[in-house]
Protein chains: 2
Amino acid sequence: MRDVAALSGVSLKTVSRVVNLEPGVSADLVERVQTAAAALQFRPNLTASSLRRSDGRTQTIGLVLENIANPYSSALHRAIEDVARSHEVVVFAGSVDEDPARERELAGTFLARQVDGLIVVPAGADQSYLAHELRAGTPMVFVDRPPNLLDADAVTTDNFAGARDAVRHLIAHGHRRIAYLGDLSSIFTAEQRLNGYLDALERAGIVLDADLIWQNLRSSDHAQTAIIELLTAAEPPTAVFASQNLVTIGAVRGIAALGKQFEIALVGFDDIPLADLVSPRVSLVIQDVHALGAAAAELLFDRINGSDLPTQRITLPVHLVTAGSGEITGPFAA
Amino acid sequence: MRDVAALSGVSLKTVSRVVNLEPGVSADLVERVQTAAAALQFRPNLTASSLRRSDGRTQTIGLVLENIANPYSSALHRAIEDVARSHEVVVFAGSVDEDPARERELAGTFLARQVDGLIVVPAGADQSYLAHELRAGTPMVFVDRPPNLLDADAVTTDNFAGARDAVRHLIAHGHRRIAYLGDLSSIFTAEQRLNGYLDALERAGIVLDADLIWQNLRSSDHAQTAIIELLTAAEPPTAVFASQNLVTIGAVRGIAALGKQFEIALVGFDDIPLADLVSPRVSLVIQDVHALGAAAAELLFDRINGSDLPTQRITLPVHLVTAGSGEITGPFAA
DNA sequence: CATTGTCTCGACAACGTTGTCAGGCTCCCG
DNA sequence: CGGGAGCCTGACAACGTTGTCGAGACAATG
């Protein structure tokens, strides 16, 4: 900037005014400064600018995700990017891989870089380490899972209702022995979905068989092994509820490996890629990930722009997309 | 930092020394400063720090991608994130959607934030706008596609050989009428892959039929429409080479819609999700996206750490994964 | 005991930018 | 022709941190 000022023969402050489009600079000086800036390929240093600016904004937000490469996370990321872009804000993102220590570390490095706000898919059971920064005025919004031990905005989907409806659907098609395949039970969404499963069974008067519940399946391979074991056991289920996308994929592979695609009813929670092309086809509880991300980002930017409404908890609905697999009838069909 | 200094009764500089683990501070002062910092939940301001530091590093890199939500881009992103993390660097990323203006804008906003380096999947036909920053010392590496009108490092895959091998494979299974379905022809990889297709045909002495070449298919829907039109024409192809993942997905849908999954041989370039579960199954030319991203990131960090080797162009090999679809025999099978 | 060296520590300036404020100019009015 | 208002412009300090340098304390050396 100093060079631009020297070349155009004005003061630093005038260059600053021109660069920031401030009014009150004569037309010929604006012209002179702009040609000088163009000649020198001048690009203002936004970090210095935000250091000095009164509001301290860096036009930057941080995004703490489960795993950037996972389609769920990357869909969220894209939705948030689009909203951020409309505010001329760029996004830092990082993967946490369900590791609470990594979550904390990543949030910390974003905060150290003076992000204007933070969007977090929490992995750990305690977000109180953020309380100080939150009180100090850094807005934060939690997505997919609410924060623990911290009072902050959150946008989640209706996991309980989605799981309950999925299992009800299977019951309505005549199933009584319905297996539950689930992710790490410590994850909020996994717990909610298990509760939905249990609720649907109880209301239908079906006695729980604990052997049909498999949790803590951390990959599609684990899920595949689990479903093969379930289906080859003495009293196999006639239907399966898979509570997460990787688990659903493992279930599909397992059913395909056993050649039972026309015998076992399967409903999964979360979308899976190319769901319309896989065999066996699978009925799915779909959440609108784009809407989730957009809602979280809008909430965050409202806070950044000064909103001081009470903490909000938004729950978005899900819907069941039937695809012929969940509709395989069971032995108790009417 | 001022508060920490006041609370522990030392100067700013001593706090700085403790925070940066510089030697030459007595043990009891280190202790006092650390407890004061902890009490105040002090977090150093990295933007101010990098402004003042002699090397000016922000421990930040920028990543310009086609579309963050696309599995190819997000796999690249994750590979780069992992390398960046090992250097204690965080990553800005953004989507360009094949828009050259957006590419330029995004690279500019990253540079204005003083990133230590840039990794770009270029969308436009001219990256000379980066020449000034490159000469000024900001390292840049291009991935998947080389830069145009700019001398910089690039890591790409062997698109020509992959396409040629795919088409050779179809020819070896007795096909002569092989369609080419391709992405936007302005994209470097699309051009290379078309050349590979043409080369394989020519070396096999097959006369080109221009009606079998469909380019500029920008989505899987377009590709699906195109393949349905091709397969229902007067002289349909017996095999199809789909030159990109979205195009392959459209081709799979189109073939499935026509019920021709056991008649048409299909080979696609790039992996598609759940490739082992889709019907019809599809043979694929796979590139190692993780290795691509990792190689680009390593190259970038070498530059950031001072390497001044001549510009490098790295090409990674691809390999064909057969899955029963590319192996459907054609009318000229031996 | 004087001198030298080493080890700690702090004062000060600087990174590139913007907020504040004062000064100079022009114009118009009485 | 004096004076007040309004418009441009620049000098200066400041944002939060670190590089430089010098001062003071103390030990080792002759």
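Lettering of chains follows the sequences in order, A, B, ..., and the numbering in each one begins at 1. Computed from a predicted model, the values in this text were never measured in an experiment.
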Is there a donor-acceptor contact under 3.5 Å linking the side chains of [X] and [Y]?
| X | Y | value |
| --- | --- | --- |
| Glu66(A) | Ser95(A) | no |
| Tyr129(A) | Gln41(B) | no |
| Ser73(A) | Asn67(A) | no |
| Asp153(B) | Thr311(B) | no |
| Asp144(A) | Tyr72(A) | yes |

NZ/NE/NH1/NH2 to OD/OE distance under 4.0 Å, Arg218(A) and Asp97(A) | no
Looking at five pairs on each end of the helix from dC1(C)-dG30(D) to dG30(C)-dC1(D), what is the angle between the two axes, given to 10 degrees?
-> 60°
Where each residue is assigned the nucleotide of DNA chain C containing its nearest heavy atom, which of Glu22(A) and Pro23(B) is assigned the position nearer the 5′ end?
->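 Closer to the 5' end of DNA chain C: Pro23(B).
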Positions of residues 27-57 of chain A (non-hydrogen atom under 4.0 Å from DNA chain D), listed by number |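 Heavy-atom cutoff 4.0 Å gives Leu29(A), Leu51(A), Arg52(A).
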Identify the two heavy atoms, one from Val141(B) and one from Val155(B), that lie closest to each other, and give their separation to 0.1 Å.
-> CG1-CG2, 4.4 Å
Test log, rule side chain to side chain donor-acceptor pair (under 3.5 Å), inputs Asn159(B) and Thr189(B) | CA-CA 6 Å; Asn159(B) 295 288; Thr189(B) 55; 5.2 Å; no
Which word best sums up how the rings of His77(B) and His77(A) line up, parallel for under 30°, tilted for 30 to 60°, or perpendicular for over 60°?
-> tilted
Outermost nucleotides of DNA chain D that come under 4.0 Å of a non-hydrogen atom of chain A |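 For DNA chain D, the relevant span reads dC8(D) to dG16(D).
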May I ask you to say what Ser26(B) touches in the nucleic acid, namely base, sugar-phosphate or nothing, with a heavy-atom cut-off under 4.0 Å?
-> sugar-phosphate
Contact class for Val19(B) (heavy atom, under 4.0 Å): base, sugar-phosphate, or nothing?
-> nothing
Can you tell me the distance, in whole Å, between the CZ atom of Arg17(B) and the P atom of dC9(C)?
->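 It is 8 Å, rounded to the nearest whole Å.
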Verify salt bridge (Lys or Arg N to Asp or Glu O under 4.0 Å) between Arg85(A) and Glu105(B), making sure each step is shown before the conclusion.
-> CA-CA 11 Å; Arg85(A) 178 155 136 71; Glu105(B) 179 193 331; 3.2 Å; yes
